Amino acid sequence: MQQQQAGGSETEVTWGDQQNINQFGRLNNRFHDLEEEIKAAKESNENLEDAGNELILTDEEVVRFQIGEVFAHVPRDEVETRIEEMKELTTKNLERLEQEKVSILSQMAELKKVLYAKFGDSINLEED
Amino acid sequence: MASSTAGATERRGIPGAQFVEDVETYLTQSGLDVNSALSFLQERLQQYRVVEMKLLAQQRDLQAKIPDIEKCLDVVSTLQSKKGTGEALIADFEIAEGIYSRASIDESDSVCLWLGANVMLEYSCEEATALLQKNLENAKASLEVLIADLQFLRDQVTITQVTVARIYNWDVHQRRLRQATGAAKDL
């Protein structure tokens, strides 16, 4: 985010404006963090999905299930329930993150309207 | 969210940036000319960058620590759930990079936790869970504080950047005015 400007005429910047700019900066930072978190959540969701599918195909009764650093020998049906539980958790987490992203984007759009209305071309709120 | 007063002073040793209402008043009050004001602010920005790097490193450490503790909790609860079944827990574990061996873990009431500094202590499963849970909460709480610190810091960076841009613009504006009056005199 950039606020550098080269215009000659000065629009007065109030503390309220500054707070809006700060808020926009915070939202923008959070937005980028969220993108990362969503990517990670999607990945773990896919991994669990794959693991679940593999489990259906296998005919082994006991599978090695990673807990911490070790692979425990766990009966297949128990692993199935554990994976289901984990999947539920990551899906919920993903939904929460997606919702936060929507809310952040709409707040950013609001602030953009306010700030562009006041400063026009003197402010740049777009990514490079 | 954002603090309501213009004079947010400091947070955990990070000095607050002063919001400038009016550039001209700011320069006369601080007794600085445009160039020294700008270089003072640039120096401040540089200092903020250093602190930001430090905080980000701390954040990364904590973010790695939290899943670690969760893993430990997971293992302890697995051991606990095996208790009373009479079966041993069979597990494959890594003895060296890429080499695995098989272990049979008999039913047990206790686990040993690595406390750091070459110290390992035996706990009952309940105590171990309580201790790990407490560590997890502490780590989460510190992460929250750290994120708040980072937000405060970034606000100060934003304020300073805006101030730099405004002083610069004000200076350009002043030069233009002087040029215009100078040109008028020459006529």
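The structure displayed is predicted, hence computed values, not measured ones. Throughout, protein chains are lettered first and strands after them, A, B, ... in sequence-line order, and every chain is numbered starting at 1. Just the heavy atoms: all of them, side chains too, but no hydrogens, waters or symmetry mates, feed the values below.
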What option among Leu150(B), Ile159(B), Asp74(B), Val75(B) has the most heavy-atom pairs under 4.5 Å with chain A? Ile159(B)
Between CG of Asn22(A) and CZ of Phe152(B), what distance do you get to the nearest 0.5 Å? 10.5 Å
Proximal to chain B - members of residues 95-111 of chain A, heavy-atom separation under 4.5 Å: none
Just verifying a value: how many Å separate Thr158(B) OG1 and Arg26(A) CZ, rounded to the nearest 0.5 Å? 9.0 Å
Do Trp170(B) and Leu32(B) land in one hydrophobic cluster if side-chain heavy atoms of ILVMFWY residues count as linked below 4.5 Å? no
Taken to the nearest 0.5 Å, the spacing of Gln23(A) CD from Gln151(B) CD works out to 8.5 Å
Residue pairs passing the ring-ring contact (aromatic ring centres under 6.0 Å, His included) test where at least one lies in residues 46-69 of chain A, sequence neighbours excluded: none
Joint cluster assignment, Ile66(B) & Leu115(B), ILVMFWY side-chain distance < 4.5 Å: yes
Chain A contact via Arg102(B) - side chain, backbone, both or neither, heavy atoms under 4.5 Å: side chain
About how many Å separate CD1 of Ile67(A) and CG of Leu79(B), when rounded to the nearest 0.5 Å? 8.5 Å
Can you name the closest pair of heavy atoms from Ala91(B) and Val70(A) and give their distance? CB-CG2, 4.2 Å
Cluster question for you: counting only ILVMFWY and a side-chain heavy-atom cut-off of under 4.5 Å, with indirect links fine, are Trp15(A) and Val114(A) together? no
Is it the backbone or the side chain of Ile90(B) that comes under 4.5 Å from a heavy atom of chain A, or both, or neither? both
Tell me, which pairs form a side-chain hydrogen bond (donor to acceptor under 3.5 Å, both in side chains) where one or both residues lie in residues 41-56 of chain A, sequence neighbours left out? Asn45(A)-Thr90(A)
What are the two closest non-hydrogen atoms of Phe19(B) and Val13(A), and how far apart are they? CZ-O, 3.5 Å
Tell me whether the count of non-hydrogen atoms from other residues, nucleotides or ligands lying under 6.0 Å of CD in Glu94(B) goes above 12. yes
When rounded to the nearest 0.5 angstrom, what distance separates CG in Asp33(A) from CD in Gln59(B)? 6.5 Å
Best-contacting candidate, Leu73(B), Ile105(B), Val157(B), Thr78(B), against chain A by heavy atom pairs under 4.5 angstrom: Thr78(B)
Give me the contact list for residues 122-134 of chain B versus chain A, heavy atoms only, anything under 4.5 Å, ordered by residue number. none
Quick check: is Val62(A) connected to Leu89(B) through a chain of hydrophobic side chains (ILVMFWY, heavy atoms under 4.5 Å apart)? no
Can you tell me how far the CG atom of Asp92(B) sits from the CD atom of Gln66(A), to the nearest 0.5 Å? 11.0 Å
Is Phe71(A) linked to Val74(A) within one hydrophobic cluster, defined over Ile, Leu, Val, Met, Phe, Trp and Tyr using a side-chain heavy-atom separation of less than 4.5 Å? no
Would you say that more than 12 heavy atoms from the other residues, nucleotides or ligands in this model lie under 6.0 Å from the CD of Gln63(B), or not? yes
Tell me if the NZ atom of Lys118(A) is crowded by more than 12 foreign heavy atoms within 6.0 Å. yes
